Protein chains: 2
Amino acid sequence: MNRNTIQRDVIASCLKNNPGHLTADQIYQLIHSQHPAISKGTVYRNLNVLTQTNQIQRIENTDGPDFFEWNTHPHYHIKCIQCKRVFDVKMGYMNNIFDLVQDNAGFQFISHQIMFEGICPECLSKGD
Amino acid sequence: MNRNTIQRDVIASCLKNNPGHLTADQIYQLIHSQHPAISKGTVYRNLNVLTQTNQIQRIENTDGPDFFEWNTHPHYHIKCIQCKRVFDVKMGYMNNIFDLVQDNAGFQFISHQIMFEGICPECLSKGD
DNA sequence: ATACATGCAAAGAATTTGCAGCTTG
DNA sequence: CAAGCTGCAAATTCTTTGCATGTAT
């Protein structure tokens with residue numbers, strides 16, 4: 001089914017070795033310096049494959065490029081409204097959140113995500 | 001500062017009279033039938049102004065166009081993974097959610113949003 | 001062998017923006 | 001009249017896709 005190509009390995013390793021949350025373009029830039037022949041289309045295609053096979057996690061973004069991270073455990077994120085970067089939030093995962101819904105109105109609830117907005121320490125220290 | 005133009009009025013009224021969640025393009029189509037001269041740029045610009053002045057609410061979307069609704073009270077949404085439409089969730093707003101964060105890690109938390117994914121009654125009844 | 005992957009460039013989707021002319025206060 | 005707004009089209013941003021060629025199994 002899915003093949004082990006050099007490119008796929010390099011992209012997965014890039015995320016494994018860079019803790020945090022990277023955009024497709026950042027990943028492309030990082031890899032491009034070592035492997036100048038890699039194409040952006042390949043990066044996007046492989047990020048999709050790796051996400052679908054649950055080897056990495058995609059953090060969908062509403063006002064800019066999506067982020068990707070090595071950690072696939074379900075958890076929540078906070079986005080800095082100034083630098084637009086995304087970080088993990090240290091907070092227990094709410095497995096029971098569906099119990100808080102008062103009336104499901106005939107919907108089948110499958111999953112949820114929580115995105116916090118705020119200001120990261122780095123931007124805070126650079127003044128308002 | 002902000003002026004009352006016919007276009008702005010018509011766009012606000014469109015949301016007021018159409019309960020639910022509409023995309024910029026849906027709003028444009030609805031208005032265009034009555035006011036063929038309106039341009040899409042004007043719709044987008046006015047939706048931004050109305051959102052900034054808190055007259056309407058924007059629901060940011062990760063895999064398609066954003067939605068807009070007349071109701072500006074903070075609440076949560078569910079997106080149908082089949083038809084991609086967005087609906088309100090009947091669930092209390094978690095004003096205390098920041099208390100659940102175990103370690104703010106130096107971040108200033110400002111706001112949060114929760115997006116559920118699921119299947120809407122209409123899609124459920126159309127079979128799997 | 002052949003199904004899957006790659007590089008490249010072009011296309012796509014959603015939204016923003018530059019500009020000249022028009023309105024509102 | 002001046003600041004703000006409009007219509008139009010072009011530009012921007014992020015991501016996907018078509019195609020001919022290459023490669024893993």
Side-chain angles (χ1 to χ4, degrees), chain A residues 1-15 21-53 55-69 79 81 83-86 115, chain B residues 1-15 21-53 55-69 79 81 83-86 115:
Chain A
M1 185 99 208
N2 283 330
R3 290 179 178 176
N4 293 332
T5 62
I6 295 170
Q7 290 88 339
R8 187 161 300 162
D9 265 10
V10 168
I11 290 165
S13 301
C14 177
L15 277 167
H21 307 77
L22 300 178
T23 64
D25 191 63
Q26 289 173 328
I27 294 162
Y28 169 75
Q29 298 298 343
L30 280 168
I31 293 173
H32 186 257
S33 58
Q34 303 295 325
H35 305 261
I38 203 168
S39 80
K40 221 172 232 189
T42 295
V43 171
Y44 275 101
R45 271 185 289 231
N46 277 301
L47 289 172
N48 285 339
V49 170
L50 292 168
T51 300
Q52 278 155 22
T53 56
Q55 297 178 264
I56 63 173
Q57 181 168 170
R58 152 184 259 128
I59 300 119
E60 298 190 322
N61 193 10
T62 54
D63 74 334
D66 284 356
F67 293 91
F68 297 89
E69 69 176 326
K79 180 157 66 169
I81 60 175
C83 66
K84 305 290 186 186
R85 288 182 299 171
V86 157
M115 179 63 79
Chain B
M1 185 100 208
N2 284 330
R3 289 180 180 173
N4 292 333
T5 61
I6 295 169
Q7 289 89 340
R8 188 161 300 160
D9 263 10
V10 167
I11 291 165
S13 301
C14 178
L15 277 167
H21 307 76
L22 301 178
T23 65
D25 191 63
Q26 289 173 328
I27 293 163
Y28 169 75
Q29 299 297 342
L30 281 168
I31 292 173
H32 186 256
S33 57
Q34 304 295 326
H35 305 263
I38 203 167
S39 81
K40 221 174 232 188
T42 295
V43 172
Y44 274 102
R45 270 185 288 228
N46 278 300
L47 289 171
N48 285 338
V49 170
L50 292 167
T51 300
Q52 278 154 23
T53 56
Q55 297 178 263
I56 63 173
Q57 181 167 175
R58 154 184 256 129
I59 300 117
E60 298 191 319
N61 194 8
T62 53
D63 74 335
D66 284 356
F67 293 91
F68 297 88
E69 69 176 324
K79 179 157 68 171
I81 60 174
C83 65
K84 304 292 185 184
R85 286 181 299 170
V86 156
M115 179 64 79

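Convention: sequence-line order gives letters A, B, ...; per-chain numbering from 1. Everything quoted here is computed from the prediction, not taken from an experiment.
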Given D:dC14, C:dG7, D:dT6, which nucleotide is nearest the side-chain atoms of B:Asn46? D:dT6
Return a single string for nucleotides 16-25 of chain D, one symbol per nucleotide in 5' to 3' order, where B is base contact, S is sugar-phosphate-only contact and - is none, cutoff 4.0 angstrom on heavy atoms. BBB----BBS
Donor-acceptor contact below 3.5 Å, side chain B:Arg8 vs main chain B:Arg3: yes
Please confirm whether the backbone N or O of A:Val86 pairs with a side-chain atom of A:His21, one donor and one acceptor, at under 3.5 Å? yes
Base, sugar-phosphate, or nothing for B:Asp25, non-hydrogen atoms under 4.0 angstrom? nothing
What is the separation between atom CD1 on B:Ile11 and atom C1' on D:dT6, rounded to the nearest whole Å? 11 Å
To the nearest Å, give me how far apart CE (A:Met1) and C1' (C:dC4) are. 9 Å
Whole-Å distance separating the CZ atom of B:Phe67 from the C1' atom of C:dA13: 14 Å
What is the separation between atom NZ on A:Lys84 and atom C1' on D:dT13, rounded to the nearest whole Å? 14 Å
What is the distance, rounded to the nearest whole Å, between atom CZ of B:Phe68 and atom C1' of C:dT15? 10 Å
With sequence neighbours left out, write down each residue that passes ring-ring contact (aromatic ring centres under 6.0 Å, His included) with A:His35, or none if nothing qualifies. none
Output the rounded distance in Å from CG (B:Asn61) to P (C:dA13). 15 Å
